[in-house]
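To start, the structure under review is shown below, and the notes come after it.
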Protein chains: 2
Amino acid sequence: MKNILVIGAGRSASSLIKYLLDHSTEEKWQVTVADVSLDLVKLKTKDHPNSRAIAFDINNDQQREEEISYADLVISMLPASMHMNVANDCVKFKKHLATASYVSKEMAALDKEAKEAGIILMNEIGLDPGIDHASAMKIIDEIHEAGGELTSFKSYCGGLVSPESNDNPWGYKFSWNPRNVILAGQGTAQYIEKGQYKYIPYNRLFTQTDTIEIEGHGKFDAYANRDSLSYRHFYDIDKIPTMLRGTLRMPGYCKAWNVFIKLGLTDDSYKIEASETLTYPQLLEAFLPEGKQSTKEKLVAFMGNEMDAEVMSKIEWLGLFENTKIGIADASPAQILQHLLEEKWKLQEHDKDMIVMQHQFKYISADKKDKTILSSLVVKGEDQIYTAMAKTVGLPLAITAKLILQNKIDARGVTIPTTKEIYLPLLRELESFGVKFEEKMF
Amino acid sequence: MKNILVIGAGRSASSLIKYLLDHSTEEKWQVTVADVSLDLVKLKTKDHPNSRAIAFDINNDQQREEEISYADLVISMLPASMHMNVANDCVKFKKHLATASYVSKEMAALDKEAKEAGIILMNEIGLDPGIDHASAMKIIDEIHEAGGELTSFKSYCGGLVSPESNDNPWGYKFSWNPRNVILAGQGTAQYIEKGQYKYIPYNRLFTQTDTIEIEGHGKFDAYANRDSLSYRHFYDIDKIPTMLRGTLRMPGYCKAWNVFIKLGLTDDSYKIEASETLTYPQLLEAFLPEGKQSTKEKLVAFMGNEMDAEVMSKIEWLGLFENTKIGIADASPAQILQHLLEEKWKLQEHDKDMIVMQHQFKYISADKKDKTILSSLVVKGEDQIYTAMAKTVGLPLAITAKLILQNKIDARGVTIPTTKEIYLPLLRELESFGVKFEEKMF
C-alpha cells in the first residue's frame, strides 16, 4: 500500500478525491483526506474502504509532521500562502508534494534541498496554472521540432457558467474563490505585442478588452492578465515578439465591471466607516460626485458614454439601487461587493459551470509560410460539487500523483508541467475524462 | 550647558540648526549635529562655537546610544521609518525626543514607557503635520470656548514655488522629497461632507479637484488628502458633519498630472523591462493603445476631452516627445517619472519656494448665526537652502525643543501639538519669524 495525504477538501478537491479513491484498489493506495471540517471530508470520501478521513489543523506541528511522515505523497489544496509548512516537512521527511499553486519565492528556494532529498515538489499542476502549461508546451515543442519559428502566442482562460445555467445578465456565477474574482487584475497588466512592451494599469484594464471567438461556443470578452512577460521564460520562448495571457468573461461583463473599478468598489485597502448601517444606494453616493439627482441619475452622469442600457441592466439586477442594508461591519469596499455578489452569483444545486481555454499560436513554418494554430478546450461541470473547475483543477493533480507514485516522472526538485515526461501522459489521460483540446490549423 | 542632538542635516534641517545655534549662547546649549555626511553637517553648523559636528551612522548601536545618553533632548530629522531605534534609546536613557513625522503605531506603543521615564516624545511638530495642528486647534478651541458649534472644517496646504521663481508651465519645483510628490494620493481619499462619507479612488483624484482662493495670492487647485476622517478624533470634533484636508497646487497642475495617472506612469509596483534602452516616446507607446498615429496624436486621442492646449504644453515642456533615452535601468514607471522631473523641476540657486496653508471653518455662533473663518498662511523661502519648507518644518521643532528644555511643557509620553500649552507659545514665536496666519471672519 502507498499512502496519499490530501490536505484540504474544499470545492476544488471533489474530482481529485474521487479519482484517487476510484483508482485506489487497482493502485494499492490508502487515501487520507484531511481538513479542518471532518464533515466536509466525509462528504467527499463517502466512507470509501481505502479512505481515511481526519480532522486536521495545519498549524498543529505534531499532527502535520505525523501525517506527512506517514504518507508517500502529499497533495496540498491549501491556499497558496499556506503551503510552506507542508513543503518544508515534505523535504524533511523525503515525501513528494503536488500543488496547483504558482511557485512562490519560498517554494523555489527549496529546489536544491528537494533534489538532495530525492523528491519532487510539483507545482502549477491544476487548470491555470497547470493544463495551460501542459497544452501550450505540447504545441510549442511540436512547432519547434518541425523547424517552425513561433512569432505570437496568446492564451486565454475563463471559469464561467455554462449557457444552460446562465440565467443572470452578467453571465457569471462563482465556481471558485470569489475574492480572487473581485480583486482580479489589480496591479498592471504587462505583455508584449509585435516587439513593443505594453502596460495596462488596472484603472483601464476592463475598458481595453479583446473579443475571442470559440467555434460552437460564441464570443467572449478577454482582459489581459497581470503578468504575461514571465511566461516567455517558463516556455523557453524569450525572444517571441508577441506574448499575451488573458482572462475570459461573457460578452458585456467587462464593460459593466468597469463601473465598480471606476467607482472604487473593488478597493480592499481600507474599511468603509459604519458600513453596517449603510444601504447600497448610500454606499454608491459615497463614491459619486456631489449632485442633486437621484443615485441612478448620478451614476449615469458619472459613467458618461461608458454607460449604456446593458450595463445599467446588470447594475440594477444586483439591487444596488434598492434600499437594502449592506449589513456587514468593518468591511472594505471589495468585501461589501463580494458579500453582495456571493448571494447574487451563487452556483445553484443543478447549475453547471464551464471552463473555456484557447491558445492562439502564429508561426513561420520550415517552408516559410505563415501559419496559425488555434487550440481550444471547453469543459462543462456536472453539478455544483463536480464542477468543471473541480475537474480541471483536480484531475491533473490526481493523474500526476499517480505518475509520480508509479515512478514514471524522473524530475526532482521544484517543477512545473512544461516537460514531455509530464505533459504527454497527463494530456492523454485527461482526454479520457473529456478534457480534450480541439486543434485547428490554417 | 544643555545638550541637544540633531540627527539628520538634510534639506529640511537648515532653519532648525540655524535657530538652535542662534539661541545657543543665550540658552546655554551645546548643539551636536549628526549626519552620514560630515560635509553636509559642517555646511549647516558653519563652525559655530556652540556646535559639534559629527559623522553618524544610525545603525551603529554603540555610537547612537553614546550620543543619545549624552544629550538632554534629541531631534530626529530621519525618514519616518527610521525613528524607532532613536525613540527606544530616548526611553531607555530618559531623554526627550522631537520629530516632524506622523505618530506610527510603534511610536504610539511607547507612550506608557515614555510617561514612566518622565520624558516627552513629541511628534508631528513640523509644517504639515505640525503648524496645521497648532493653528487649527487654536481656532477650534476659540470657537468652542465662545459657545459656537463647528459644522465644517476644511484645511489645505501646499509646498509650491514662489511666483517670482515660477518659470515653468507646471508652476512646480521640488522643495521636499520628490518621491512623495510622484506617489501623492495613491490609495483612496476619505472625507465627510454634510454628514455623507465620501471616497475618491486615486484613478480620479486629480479630476475631482476644488479651487481655493487666497487673498492677494490668487487661486490654487486642491485635491483631497488620503485620510481626512482620522483628524476628527485628533481635534476632538468626532461629530463634525464636514471634514476635509487637501493639498494645493498651482491652477492647471492637477489636470495635467492626471495624464500620468491615467497612463500608469506613477505606478511604483513593478519594473519596466529594458528601461535603460527606451526613449520617452517609446515609454509612452508602451502605455498607449495600439494605433497608427504619432505618439503625440495617440496621447491626444487617449485623453479625449481631458486634453487641452494647456495640458499639452505641460507635457511637451517635459520633453516627453523628444527622442531622449530614459537612461536608468531596472526602474519602475514612478522612478522613471521622478528621474525626469528631478531634472526639470529642480529648485535653482536663487529660486524661492512658497508654503501656502488655509483653514476654512464654518460654525454656528452662540447667538445662532452662521459664521465663517478663513485662516491663511503664506511663507516664502529666502533661497534654496533656507527654503520656506525648511523654515516651516524646522522652526516649530526648534521652538518646541526650547520650550521643553525651559520646562514649559507639562505633557509627557507620545504627544502632538494640539494643546494650548504647546500651540500658544509656538504660534506666538513663529509670528516673529513671519510665519503668521491672517484671519478673516464673516
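Letters A, B, ... are given to chains in the order of the sequence lines, protein chains preceding strands, and every chain is numbered from 1.
Asn123(A) places no side-chain N or O within donor-acceptor distance of the main-chain N or O of Ile416(A), the cut-off being under 3.5 Å.
Within a 6.0 Å radius of CG in Asp236(A), no more than 12 heavy atoms belonging to other residues, nucleotides or ligands are found.
Of the atoms belonging to Phe302(B), it is side-chain heavy atoms, and not backbone ones, that fall under 4.5 Å from chain A. Of the atoms belonging to Gln196(B), it is side-chain heavy atoms, and not backbone ones, that fall under 4.5 Å from chain A. Using a 4.5 Å cut-off between heavy atoms, Tyr270(B) contacts chain A through its side chain alone, with no backbone atom that close. If you measure heavy-atom distances from Glu193(B) to chain A, the contacts under 4.5 Å come from the side chain alone.
Using a cutoff of 4.0 Å between basic side-chain nitrogens and carboxylate oxygens, Lys292(A) and Glu297(A) are not scored as salt-bridged. Taking the charged nitrogens against the carboxylate oxygens, Glu290(B) and Lys194(A) have no contact shorter than 4.0 Å, which rules out a salt bridge.
Below 4.5 Å, heavy atoms of chain B meet heavy atoms from Arg204(A), Gln208(A), all part of residues 204-211 of chain A.
A 4.5 Å side-chain heavy-atom check between Lys255(A) and Asp308(A) finds at least one atom pair inside the cut-off. In this structure, Tyr191(A) and Arg245(A) have side chains that are not in contact, with every pair of non-hydrogen atoms separated by 4.5 Å or more.
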* Step-by-step side chain to side chain contact (heavy atoms under 4.5 Å, CB included) determination, Phe287(B) to Leu265(B) -> CA-CA 8 Å; Phe287(B) 287 91; Leu265(B) 284 177; 3.7 Å; yes
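Atoms OG1 and CD1, from Thr266(A) and Ile336(A) in turn, are 12.5 Å apart once rounded to the nearest 0.5 Å.
Most heavy-atom pairs under 4.5 Å with chain B: of the set Leu263(A), Leu288(A), Leu278(A), Asp267(A), this distinction falls to Leu263(A).
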